S.K.: 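Starting off with a structure, shown below.
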Amino acid sequence: MTSFYAQYGTFAVLVVVGCALYAVIMLASRIMRPTVPSPQKLTTYECGVEAVGSGWSQTNIRYYIFAFLFVIFDVEAIFLFPWAVIVSDLDATTAISPTFAIVAMFLFVLTLLEGLAYAWKKGVLKWD
Amino acid sequence: METPLWVPLLQATVVFTYYLLLTALLIWAERRVVARMQSRLGPNRVGPFGILQTLVDGVKMFFKEDTTPGMVNRSIFTVAPLIGVIAGFLSIAVIPIGGEVTLFGETFTLVVADLSIGVLWVLAMGSIHVYSVFLGGWASNSPYPLLGGIRSSAQMVSYEIAQGLAVASVIIYAGSLRVSDIVAGQAGSGFADGVPGWYAIPLFPAFMVFVIGMVAEAGRPPFDLAEAEGELVGGFNTEYSGLRFGMFMLAEFMSVVTMSAIVVTLFLGGPSGPTFGAPEAFAGLIGTGWFLLKMVVFIFFFILLRGALPRYRYDRLMDLGWKVLIPVALVWTLVTAAFVILEQEQPGLGTDLRLTLASIAAVIVGWLLFSGREPRDAGDGLDRHEPAPGPVAAPTTDTADDGTTPASDDTADDRQEVAP
């Protein structure tokens, strides 16, 4: 069992080494590959038509709503994971009884499911 | 006892080489298998059976001109592929590729770092990968990449939730977030002798949700909406070229290998398997063999999916994620917890009840599949691959025990389509 710093230190080293390796590969490629600049290569990829205006066009509002839903459910996962870790350790001797833990999480998840059902009913999940 | 420095170095080198080699082989195998499925030959010129094709392609990428279009946001455009590759490498770092190995008097597991929050780490790195897709699409300042980037990030975050919830039931069983504890929890036999103790068996619905979710997470067919060539050119990487494009491709193919490794570790016991009475020193190596075998099965599954199924429509994809997988996974988490508690209170009853409910579910699923009922909208070829809409509503309203039936129904339905 290695210590906390040893474990995450490994990842810090990995990130640094990975970025350095990436930079080296990119640099080597830059030195070796051909470069033939032309104004055409600087243009937006389009179907043979000149691009008009900015590329950051408006997109469907649904994506935004789904992002919201994602945040809700992701926060829910934060609450769910610690509970999932300890729930099988609970028994009559622990401060919190297993029944309490189950019922509490039931209520929490049912509330969420109700929210999802509401969103569903409201047509938020529909694409058209 | 202090471990000498060469051990972590060896671990990192072996693990990353292993995954990179598998990725290279995957790309070659995919081209060969899909070619065979389409009555073509596929790459067969470079090396025996064309096995070196990926290497040659990599070299080609390396020498290609890499243009940066004028309108892009340069810094983000450059960083996006880096984020993808780094996130991919970091997520595989916590997955052990074999049992314990003894070398020069040092005993260690073939894993870069066995984090105490390993599973969360994998999920978190999956989330960071979304940044690479989205930032790459956005920074391109071009219509196709923007659409592709937004599409695939919405797809990835949706299926990430389903996947995370499926993992939650594994965590309930293992009682730990550490990957090695999860592997250890699956060693030995399950509810009966001779049946492996893999979590895929008691947690079958969660397993199915995870498998469907991982295909969508990796952005692979039939869920490869990100690069729907017919409509989005190349998706988020349209404006990329040369080696940076190659990095995106590497990240994508590597995620297939990573996802296979994760599903094998979480649900199929990782390196566990019969050792045939081999001595201690070799048992770990045999474990590595089992792990490789299980991974290859899943990699092959990914390839077959690509060859067999047409691309999903986007609204159906999101429907499957939000209306089927997320409710099923949520309810299944509660069902799992209820069974674990029940098993503690009255040992034996939980297993019996589970087997009974599972048989009932199997009978219902079998009846639905073979009763000759016409699938809804049979004329639409896409519809066959979608689970029947009927049981979808059930998990949201019903109590835990009823959740088992629709859960296994939906998922088994999907599997049935894949099998032939």
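All values derive from a computational prediction rather than experimental measurement. We use all heavy atoms of the structure for the numbers below, so side chains are in, but hydrogens, waters and symmetry mates are not.
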S.K.: Tell me, do A:Leu113 and A:Leu110 make a side-chain contact under 4.5 Å, heavy atoms counted?
M.R.: yes
S.K.: Can you tell me which of B:Met61, B:Lys64, B:Glu65 forms the most heavy-atom pairs within a distance under 4.5 Å of chain A?
M.R.: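 Heavy-atom pair counts peak at B:Glu65.
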S.K.: Is a side-chain donor-acceptor pair under 3.5 Å present for B:Ser91 with B:Trp121?
M.R.: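 No donor-acceptor contact under 3.5 Å links the two side chains.
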S.K.: Go through B:Ser153, B:Ala154, B:Gly175 and name the one with the most non-hydrogen pairs under 4.5 angstrom from chain A.
M.R.: B:Gly175
S.K.: Quick one: of A:Leu125, A:Asn60, A:Thr10, who has the most non-hydrogen atom pairs under 4.5 Å with chain B?
M.R.: A:Leu125
S.K.: I'd like to check B:Ser142 versus B:Leu146 (side-chain heavy atoms, cut-off strictly below 4.5 Å). Are they in contact?
M.R.: no
S.K.: For A:Tyr8, does the OH atom have more than 12 heavy-atom neighbours from other residues, nucleotides or ligands under 6.0 Å away?
M.R.: yes
S.K.: What residue, out of B:Val85, B:Val167, B:Asp315, B:Ile161, has the most heavy-atom pairs lying under 4.5 Å from chain A?
M.R.: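 Sorted descending by pairs with chain A, the first entry is B:Ile161.
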S.K.: Counting only non-hydrogen atoms closer than 4.5 Å, does B:Pro145 touch chain A with its backbone (N, CA, C, O), its side chain (CB onward), both, or neither?
M.R.: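 Neither the backbone nor the side chain of B:Pro145 comes within 4.5 Å of chain A.
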S.K.: Where does B:Ser140 contact chain A at under 4.5 Å (heavy atoms): side chain, backbone, both or neither?
M.R.: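 The answer is neither part of B:Ser140.
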S.K.: Name the region of A:Val36, side chain, backbone, both or neither, that has any atom closer than 4.5 Å to a heavy atom of chain B.
M.R.: both
S.K.: Measure B:Val340 against the heavy atoms of chain A and call it side chain, backbone, both or neither at under 4.5 Å.
M.R.: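 Contact with chain A is through the side chain of B:Val340 alone.
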S.K.: Please list, one pair per line, the donor and acceptor atoms closer than 3.5 Å that link side chains of residues 20-35 of chain A to other protein atoms, with sequence neighbours excluded.
M.R.:
| residue | atom | partner | partner atom | Å |
| --- | --- | --- | --- | --- |
| A:Ser29 | OG | A:Arg33 | NH1 | 3.3 |
| A:Ser29 | OG | B:Phe62 | O | 3.1 |

S.K.: Report the C-alpha separation of B:Ser127 and B:Glu160 in whole Å, then their side-chain angles, then the decisive distance to 0.1 Å, and conclude whether the side chain to side chain donor-acceptor pair (under 3.5 Å) test is met.
M.R.: CA-CA 8 Å; B:Ser127 306; B:Glu160 200 179 286; 2.7 Å; yes
S.K.: Non-hydrogen atoms of chain A under 4.5 Å away: do they reach the side chain of B:Ile150, the backbone, both or neither?
M.R.: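 Looking at B:Ile150, backbone and side chain both touch chain A.
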S.K.: So what's closer than 4.5 Å to chain B heavy atoms on A:Thr44: side chain, backbone, both or neither?
M.R.: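 Backbone plus side chain of A:Thr44, per the 4.5 Å heavy-atom cut-off to chain B.
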S.K.: Which one wins on heavy-atom pair count under 4.5 Å against chain A: B:Leu123, B:Thr67, B:Ile86, B:Thr68?
M.R.: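 Going by pairs under 4.5 Å, I would pick B:Ile86.
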S.K.: Minimum heavy-atom separation for B:Ile182 and B:Val119, please, with both atom names.
M.R.: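 Looks like CD1-CG2, 3.3 Å.
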S.K.: Could you tell me which portion of A:Pro37 (side chain, backbone, both or neither) has an atom closer than 4.5 angstrom to a non-hydrogen atom of chain B?
M.R.: backbone
S.K.: Cut-off 3.5 Å, no hydrogens considered: what does the side-chain donor-acceptor table look like for residues 62-84 of chain A, sequence neighbours left out?
M.R.:
| residue | atom | partner | partner atom | Å |
| --- | --- | --- | --- | --- |
| A:Arg62 | NE | A:Lys126 | O | 2.7 |
| A:Trp83 | NE1 | A:Ala101 | O | 3.3 |

